[in-house]
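The next block holds one structure in the form of structure tokens; read it before the comments.
Numbers here simply count residues along the sequence, with the first being 1. For ligands, and for the atoms within them, numbers begin at 1 and follow the listed sequence.
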Amino acid sequence: MKALEEKILKEGKVLPGNVLKVGSFLNQQMDSDFIMEIGNEIARLFSGEKITKVLTVESSGIALAVAAGIALHVPSVFAKKHKSANMSKEVYTAAVYSYTHKETYEIAVAKEYLGKDDVVLIVDDFLANGNAVRGLMKIVEEAGARLCGCAIAIEKGFQGAGDELRAQGIRIESLAIVESMTDESVTFRA
Ligand code: G4P
């Protein structure tokens with residue numbers, strides 16, 4: 001998605017540790033129209049699928065999942081990282097190791113929101129090491145639902161997870177794939 005690459009080049013900042021900061025439009029501040037453009041593009045890419053649910057994990061994935069859900073006219077569900085008192089006890093769970101935070105946390109989705117008749121599209125803002133996506137895939141499997149693919153805004157291609165998942169036969173559609181980045185430049189996969 002050319003517009004996303006241009007936005008990254010214009011507003012993104014490369015921080016130490018190979019972190020791409022996109023807080024001005026995708027993470028902390030959301031560019032509403034642009035988020036909706038991403039949602040529409042995701043819906044266009046997966047228009048051949050009979051998707052019934054969009055699935056993401058809190059927190060940064062939620063805006064994109066909602067935009068995709070609006071464009072696809074289906075509900076979006078997010079996995080919670082923190083147990084809350086009002087959450088059902090009937091949950092699907094998966095352990096996710098965060099490479100960035102060096103810790104394992106549990107994600108959970110209430111069983112009432114995902115089931116065997118669902119066709120699920122996983123959406124997330126970043127695909128780095130792929131642990132969040134793998135955790136969400138485990139939850140889809142546990143639910144007995146069908147995964148039709150994953151839509152990612154920014155894949156960090158040099159971290160390899162996207163290509164590993166593609167090699168496993170998972171459909172991964174990333175709207176921008178960063179091949180390399182330095183303080184001065186960000187290069188995208190052609
Ligand atoms: P993984 O999910 O692909 O395995 O990624 P990893 O453990 O490396 O990343 C942990 C968190 O950091 C994830 O968010 C991921 O989206 C985010 N992340 C990874 N690389 C970058 C980057 O270059 N830039 C930015 N802005 N984020 C990155 P999270 O912990 O689930 O947090 P959040 O969704 O609550 O923000």
Ligand-side contact atoms (ligand 1) for residue partner Ala128, heavy atom cut-off under 4.0 Å
3 (O), 5 (O), 8 (O), 19 (C), 20 (N)
Looking only at distances, please establish whether an N/O atom of ligand 1 is found under 3.5 Å from an N/O atom of Ala132.
yes
Those atoms of ligand 1 less than 4.0 Å from some heavy atom in Ser98:
7 (O), 10 (C)
Looking only at non-hydrogen atoms, the one of Gly135, Gly162, Ser60 nearest atom 34 (O) of ligand 1 is Ser60
Enumerate the atoms of ligand 1 whose separation from the nearest heavy atom of Asn131 is less than 4.0 angstrom.
1 (P), 2 (O), 3 (O), 4 (O)
Among protein heavy atoms, which sits nearest to atom 9 (O) of ligand 1, and what does the distance come to when rounded to 0.1 Å?
Thr100 OG1, 3.0 Å
Search all heavy atoms of Leu20 against all heavy atoms of Val186 and return the closest pair with its distance.
CD1-CG2, 4.4 Å
For atom 7 (O) of ligand 1, what's the nearest protein heavy atom and its distance?
Tyr99 N, 3.0 Å
Only heavy atoms count here, so choose which of Phe78, Tyr97, Phe126, Tyr105 is nearest to atom 27 (N) of ligand 1.
Phe126
Per-residue contact class, Asn18 against ligand 1 - non-hydrogen pairs under 4.0 Å:
backbone
Residue selection (non-hydrogen contact nearest atom 32 (O) of ligand 1) among Glu58, Lys81, Glu103, Gln28
Lys81
Would one find an N or O of Met181, backbone or side chain, under 3.5 Å from an N or O of ligand 1?
no
Protein heavy atoms near atom 14 (O) of ligand 1, is at least one of them under 4.0 angstrom away?
no
Distance filter under 4.0 Å to His101 heavy atoms, resulting ligand 1 atoms
30 (O)
Taking every heavy atom of Ala63 against every heavy atom of Met30, the minimum-distance pair comes out as CB-SD, 3.9 Å
Thr93 to Glu142 - nearest heavy-atom pair and separation:
O-OE1, 2.9 Å
Could you pull out all residues at least two apart from Arg146 that satisfy salt bridge (charged side-chain N to carboxylate O under 4.0 Å, His left out)?
Glu49
Checking salt bridge (charged side-chain N to carboxylate O under 4.0 Å, His left out) for the pair Glu5/Lys2: CA distance, chi angles, key distance, verdict?
CA-CA 5 Å; Glu5 292 184 358; Lys2 204 76 204 146; 3.5 Å; yes
Subset of ligand 1 atoms that lie under 4.0 Å from at least one heavy atom of Gly130:
1 (P), 3 (O), 4 (O)
d(Leu4 CG, Leu9 CG) to nearest 0.5 Å is 9.5 Å
Please examine the side chains of Asp117 and Thr52, heavy atoms only from C-beta on, and report whether any two atoms are closer than 4.5 Å.
no
Among Val14, Ile62, Asn27, Leu15, which one puts a heavy atom closest to atom 26 (N) of ligand 1?
Asn27
Nearest-contact summary for atom 24 (N) of ligand 1 - protein heavy atom, Å:
Leu20 O, 2.7 Å
Can Val19 be said to touch ligand 1, with heavy atoms closer than 4.0 Å?
yes
Show me the side-chain donor-acceptor pairs of residues 157-165 shorter than 3.5 Å, one per line, residues at least two apart or across chains.
| unit_1 | atom_1 | unit_2 | atom_2 | d |
| --- | --- | --- | --- | --- |
| Gln159 | OE1 | Lys156 | NZ | 3.0 |
| Gln159 | NE2 | Asn129 | OD1 | 3.2 |
| Asp163 | OD1 | Arg166 | NH1 | 2.9 |
| Asp163 | OD1 | Arg189 | NH1 | 3.2 |
| Asp163 | OD2 | Arg189 | NH2 | 2.9 |
| Glu164 | OE1 | Arg134 | NH2 | 2.9 |

Would you check if Phe188 and Ile177 make a side-chain contact, meaning some heavy-atom pair closer than 4.5 Å?
no
Could you list the atoms of ligand 1 found under 4.0 angstrom from a heavy atom of Ser59?
33 (P), 34 (O), 35 (O)
Per-atom filter on ligand 1: closer than 4.0 angstrom to a heavy atom of Asp125 are 16 (O)
Look at atom 22 (C) of ligand 1 and say whether a protein heavy atom is found at less than 4.0 angstrom from it.
yes
Report the nearest protein non-hydrogen atom to atom 8 (O) of ligand 1: residue, atom name, distance rounded to 0.1 Å.
Asn129 ND2, 2.8 Å
Any chance you could lay out the side-chain contact (heavy atoms from CB on, under 4.5 Å) test for Ile42 and Ile38, step after step, and finish with the verdict?
CA-CA 6 Å; Ile42 291 173; Ile38 292 179; 3.9 Å; yes
In one Ile/Leu/Val/Met/Phe/Trp/Tyr side-chain cluster, 4.5 Å: Ile122, Ile51
no
Have a look at ligand 1 and work out which part of Gln159, if any, has a heavy atom under 4.0 Å from it: side chain, backbone, both or neither.
neither
Same apolar cluster (I L V M F W Y, side chains within < 4.5 Å links), Phe46/Val66:
no
Quick one: does Leu121's side chain get under 4.5 Å of Val74's, heavy atoms only?
no
Which residue is it: Leu147, Val109, Val57? I am looking for the one with a side-chain contact (heavy atoms from CB on, under 4.5 Å) to Ile139.
Val109
Look only at interatomic distance and state if Lys156 has a nitrogen or oxygen under 3.5 Å from any nitrogen or oxygen of ligand 1.
yes
